[in-house]
Amino acid sequence: IATRCVPCSIEGGQIMANYFSLILVALTLITGLIWLVDSLVFAPKRKARLQAAATAEGAGYGEDPQLPYLVDTSQQIFPVIAFVLVLRSFLYEPFQIPSGSMMPTLLVGDFILVEKFAYGVKDPVFRSKLIETGVPERGDVVVFKYPEEPSIDYIKRVIGLPGDTVVYQNKQVYIKPKCETGNNCPKLKAVPLSFQERGEFVQDMAQLMRYTEDLGTVEHDILRHPVREISPVNFYTQPGTRANEWIVPDGQYFVLGDNRDNSRDSRFWGFVPDANLVGKAVAIWISFEFERSPSDFLPTWVPTGVRFERAGGIH
């Protein structure tokens, strides 16, 4: 996870991951159709031939002892890939964290589970929402399709909900929640921070500062660089707002990385539409260390250790 200001995409092969979904759907349909057509058309014909042969010989007949190879293979793999398709599309999907924009919450080498049904049940091909099951809450760690390139999956934390006003100034987040009534509306307030430590994480030779941020219903840790600060000229802006102020539109969300000075997020490219949401990151199921150098005998993708202590829920 480390030390460059890069987007926190879930996997190195995001486009291949999308192709895998399509391949999985296609294989499920093809093997299921082969099994169905054989059961309705060809299996009865084979049984009729066996019965005719057995009658001519004056003996009984049993089941077809030899299925065609394609049919036999389809019958064996269809239940497996259908189960994987349902699990991956509607329930939980595993992802790997390869970059550092969500430190200290998520580290390079963390393997996470994403709850796919948290924000609606969607079909696996066109991603149309079939059933409403919920909406993101402030503080949720969400996986979504990057709005500027939907073939890429990103992971960030929800900071602003629809209707909120969000300000980011001098490394501090300010939020003014949406006011439903128009009367006695809450004012813009700084999100409370409490300093924890400095030095556990190092970036560009600088010891990062760790704080606990209180979003009201969720407390989580963030990192700040002691010197680096994102320049406002790079910010995504809206008409009628300041360079560091955003009003979240209906049906969209404002997201930030927990590694605040090493994350390309809503400050740069805007909001996440509800349609782009993939699911909620709920748990780390295993975590590997990758500390090999290119000169080592083993490839760099071979783990150097397992961080068992990191397994558990994501906050």
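Just so it is clear, the values below take in all heavy atoms, side chains as well, and ignore hydrogens, waters and symmetry mates.
Between D265 and R157 there is no salt bridge, since no side-chain N of the basic residue sits under 4.0 Å from a carboxylate O of the acidic one. Using a cutoff of 4.0 Å between basic side-chain nitrogens and carboxylate oxygens, R224 and D261 are not scored as salt-bridged.
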Let me see the working for I314 and V282 under side chain to side chain contact (heavy atoms under 4.5 Å, CB included), right down to the final yes or no. CA-CA 5 Å; I314 296 174; V282 294; over 6 Å; no
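Residues satisfying the side chain to side chain donor-acceptor pair (under 3.5 Å) criterion with S194, sequence neighbours excluded, are Q196. A search for ring pair (Phe, Tyr, Trp, His ring centres under 6.0 Å) contacts involving F297 returns nothing, not counting sequence neighbours. Every residue two or more places apart in sequence or in another chain that forms a side-chain contact (heavy atoms from CB on, under 4.5 Å) with C185 is listed here: C179. Residues meeting the ring pair (Phe, Tyr, Trp, His ring centres under 6.0 Å) test with F42, sequence neighbours left out: none. Residues forming a ring pair (Phe, Tyr, Trp, His ring centres under 6.0 Å) with F254 (at least two apart in sequence, or on another chain): W246. For E200, the side chain to side chain donor-acceptor pair (under 3.5 Å) partners at least two apart in sequence or on another chain are R210. With sequence neighbours excluded, no residue forms a ring pair (Phe, Tyr, Trp, His ring centres under 6.0 Å) with Y119. Residues forming a side-chain contact (heavy atoms from CB on, under 4.5 Å) with E213 (at least two apart in sequence, or on another chain): I159, V173, V191, L193, L215, H220, I222, R260. With sequence neighbours left out, the side-chain contact (heavy atoms from CB on, under 4.5 Å) criterion links A206 to H225, P226.
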Name each donor-acceptor pair under 3.5 Å that joins a side chain in residues 25-39 to protein atoms two or more places apart or in another chain, with its distance.
| residue | atom | partner | partner atom | Å |
| --- | --- | --- | --- | --- |
| T28 | OG1 | L24 | O | 2.8 |
| T31 | OG1 | L27 | O | 2.7 |
| T31 | OG1 | T28 | O | 3.3 |
| D38 | OD1 | R46 | NH1 | 2.7 |
| D38 | OD1 | R46 | NH2 | 3.3 |
| D38 | OD2 | R46 | NH2 | 3.1 |
| S39 | OG | W35 | O | 2.8 |

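Each ring-ring contact (aromatic ring centres under 6.0 Å, His included) pair with one or both residues in residues 177-216, not counting sequence neighbours, appears once here: F195-Y211. Residue pairs satisfying the side-chain hydrogen bond (donor to acceptor under 3.5 Å, both in side chains) criterion with at least one member in residues 274-287, sequence neighbours excluded, are listed as follows: D110-S287, K129-D274, S287-R307.
Counting non-hydrogen atoms of other residues, nucleotides and ligands closer than 6.0 Å to CD of Q75 gives a total above 12.
Residue I175 forms a side chain to side chain contact (heavy atoms under 4.5 Å, CB included) with just one option from V248, D164, T165, and that option is D164.
When ring centroids are compared, Y174 and Y168 stay outside the 6.0 Å threshold.
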